[in-house]
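Each chain gets a letter, A, B and so on, in the order the sequences are listed, and its residues count up from 1.
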Number of protein chains: 2
Amino acid sequence: MATIQDVAAKSGVSVATVSRVLNGSPRVSPEARDRVRAAIEALGYHPNLLGRNLRRTESRMLLVVAASIENPFYAGVVQGIEAAAHREGYNALLCNTDRDLDREAIYLGMLDQRLADGAVLLSPQLDARAMERLDARHPLVQCCEYLDGAAVPHVTVDNRAAARDAVRYLAGLGHRRIGMIMARTQYAATRVRLDGYRDALDEAGIAHDPALVAYGGFDFENGRTAAVALLARPPAQRPTALFCVSDLVAAGAIRAAREAGLSVPADVSVVGFDDIEYATMGEPRLTTVAQPRPDLGRVAVEVLLRRLRAGAEGRSDGTAEPESIDLPHALRIRESTAPPRNAGPREGTP
Amino acid sequence: MATIQDVAAKSGVSVATVSRVLNGSPRVSPEARDRVRAAIEALGYHPNLLGRNLRRTESRMLLVVAASIENPFYAGVVQGIEAAAHREGYNALLCNTDRDLDREAIYLGMLDQRLADGAVLLSPQLDARAMERLDARHPLVQCCEYLDGAAVPHVTVDNRAAARDAVRYLAGLGHRRIGMIMARTQYAATRVRLDGYRDALDEAGIAHDPALVAYGGFDFENGRTAAVALLARPPAQRPTALFCVSDLVAAGAIRAAREAGLSVPADVSVVGFDDIEYATMGEPRLTTVAQPRPDLGRVAVEVLLRRLRAGAEGRSDGTAEPESIDLPHALRIRESTAPPRNAGPREGTP
DNA sequence: CGCGGGAGTGTAATGGATTACACGACCGAG
DNA sequence: CTCGGTCGTGTAATCCATTACACTCCCGCG
């Protein structure tokens, strides 16, 4: 394939001038510019980015690392990341770790190999210290999920407030035995949802009952299994509402309720988290907490590029507070929630 | 960061020797090897792949281009692609076109810029000629969907046979008014499903009724809209079974049936295509045609790398038949299908 | 008329790794 | 002892584009 030398020869100028045309430098005469453009056209020349990137010592590639990029929740986030990256002239390299620390290490190794300039971590597997060490060499940003102790910026919603809103809504419908299906996880973003759940119970003057909190994972089967246990309790102790840590878990809970002969929402209300597409496809449509997914991705990229550029100019202040951002969430009320049987909504409460 | 020069200096050998150690050449004395390894360790050296790739004139990167990578159907395919690519020392760069020809062009442009060595196309937007022209410069392979006239290899299931199996099963249950919800599409892989549907009707001696075939897209809403139209017909002309071009369309059809006061499968049987995770999460669980998704991805990469290597050795035979491959599919019978009301299964037919 | 300075262009160094070729040391065969 | 060959290693060219620096014109001002 043609190189910049070929273009230079064909248009009768030096490679420097061709390069200047390529990069839009103003110090080129219109005639030279035209001749170079014509030669590029005639030769079907495309700059070899391997050469350019080597010279510029950057790859203009951003890593997007997640347990599973295809997880429906991440769909919109990734879209936001890609769009923002392209707008800034970067490409996004999507990486699936399948929660495997080694696979993640391979991907993050691309930073040291200069195949990528920075990374957005959607579900980090490494520990906080390792993340900080890596971040000292190459800018990182955590998005949606993040590790508690790591001094690496993160972009999320206020998960505690989001959970509080969801459970407050259930309490407002008149529910008193509200269960929660949590996930066992290292992520602070998820763990504080339990705090939000408790906040709302406190507000409503409902005593905490640890037996109403079940722990599993984020998936359909996890949700189903956890819900089976909670719904197997005697009717007087059985929760009349379940707040679930994800929409997939909520779908599992609905399946469990059906299998237990209970109807949703008449016998049990179910609230999810994430607002994935599936939430409106199943029956009943899911009440859930929506996160601004494309925005989460977009802002994460903005933070990352800000750091990348700051670093390129030699600044690495070190101890400055990492720039972390919360974006607004929203409770979407649909058909999987209703007042409990034998207890209308508490209209009287202000 | 440390370069190969630094390692050479620190270990008292030349860069050539360091490079040989890096690449596992046997022509290095054990002592030199050890010293180099120690220096690499001490300096925390990682080879700069921008330099290596420039020198080798390859990027070891494979493009994976789809309308939407996050589409649940592609999840497993992408997983297969990634796994196979890594096994061969390649990275997969996932690209979303959102069905936008321009965005696709930008991604495919990365081939000419040498940021990627080849591409797997999951839902090509360009036309057959353009694809062939591009393929002449850089190896491509189509996976799952493919264009009719393009002399570019593809890896799929036998979509016609798969559709035939699904509809044959419905006919076997005793259905005679079997509708199909198709997608308007440029893809041959999808279009031949209509042929398979007709094959099965012919086999069962059922006359074709064009009014029973509706056209839409691949999504939930498309499926719902199309099904609303088919199910609005008077009961005697209404289809008792619907074969849908995708699981999402089938989900939409089920929603439409419910809204029309019909129950699935008692009043209408519904069959999907793809067997995405959602197929077993909803109610009822979906009868559908499963594709071996990771295998489709794996084989696509194998074909691609075969071509890449052949091309690297200077061979480009030109007019040889493109290597296209069909992988086996499977009908998964679940709960969304049953014999029609007022007509038991046709047990007597052999 | 001489000189400072900007515009336009070219030469060559540079980024980091790979590898063809060359060279010296050393071995065994004749 | 000499020659051919292997082994280990180094030098320098190479991949392709960017850019610091130098240079030539040419203009306008004093």
Pairwise 5' ranking along DNA chain D for A:G51 and B:E31, keeping only the more 5' one: B:E31
First encountered from the 5' end of DNA chain D, between A:T17 and B:G12: B:G12
Sugar-phosphate, base or nothing in reach of B:L54, heavy atoms under 4.0 Å: base
Nucleotide interval of DNA chain C bounded by contacts with chain B (heavy-atom cut-off, under 4.0 Å): C:dG16 to C:dT19
Value rounded to 0.5 Å, distance of CG in B:D117 from CG in B:L111: 8.5 Å
Distance in Å, A:D112 CG paired with B:H46 NE2, rounded so as to fall on 0.5 Å steps: 4.0 Å
Between D:dT18 (P) and A:E58 (CD): distance, integer Å: 11 Å
Between CZ on residue A:R60 and CD on residue A:E58, distance to nearest 0.5 Å: 4.5 Å
N/O (side chain, A:N53) to phosphate O (OP1/OP2, D:dA17) under 4.0 Å: no
Gap between atoms CG and C1', on B:D112 and D:dC16 respectively (whole Å): 15 Å
Separation of D:dA12 P from B:Q5 CD (nearest whole Å): 13 Å
Sugar-phosphate only, base, or nothing, as touched by B:R52 at under 4.0 Å among non-hydrogen atoms: sugar-phosphate
d(CZ, A:R27; C1', D:dC23) in whole Å: 14 Å
B:H86 and A:Y107 aromatic ring geometry - parallel, tilted or perpendicular at 30°/60° bounds: perpendicular
Short side-chain donor-acceptor distance under 3.5 Å, A:S68 and A:D98: no
Salt-bridge present (A:E302, A:R298; N to O < 4.0 Å): yes
Any donor-acceptor pair under 3.5 Å from B:Q142 side chain to B:L147 backbone: yes
Sugar-phosphate only, base, or nothing, as touched by B:V13 at under 4.0 Å among non-hydrogen atoms: sugar-phosphate
Sugar-phosphate, base or nothing in reach of A:S19, heavy atoms under 4.0 Å: base
Closest non-hydrogen atom pair between A:Y45 and A:A2, with its separation: CD1-O, 3.4 Å
Side-chain ion pair, B:E31 and B:R35, N-O less than 4.0 Å: no
Side-chain-base donor-acceptor pair under 3.5 Å for A:R56 and D:dT18: no
Close approaches to DNA chain C from residues 36-49 of chain A, in residue order (heavy atom, under 4.0 Å): none
Distance in angstrom units between B:R55 CZ and D:dC15 C1', rounded: 6 Å
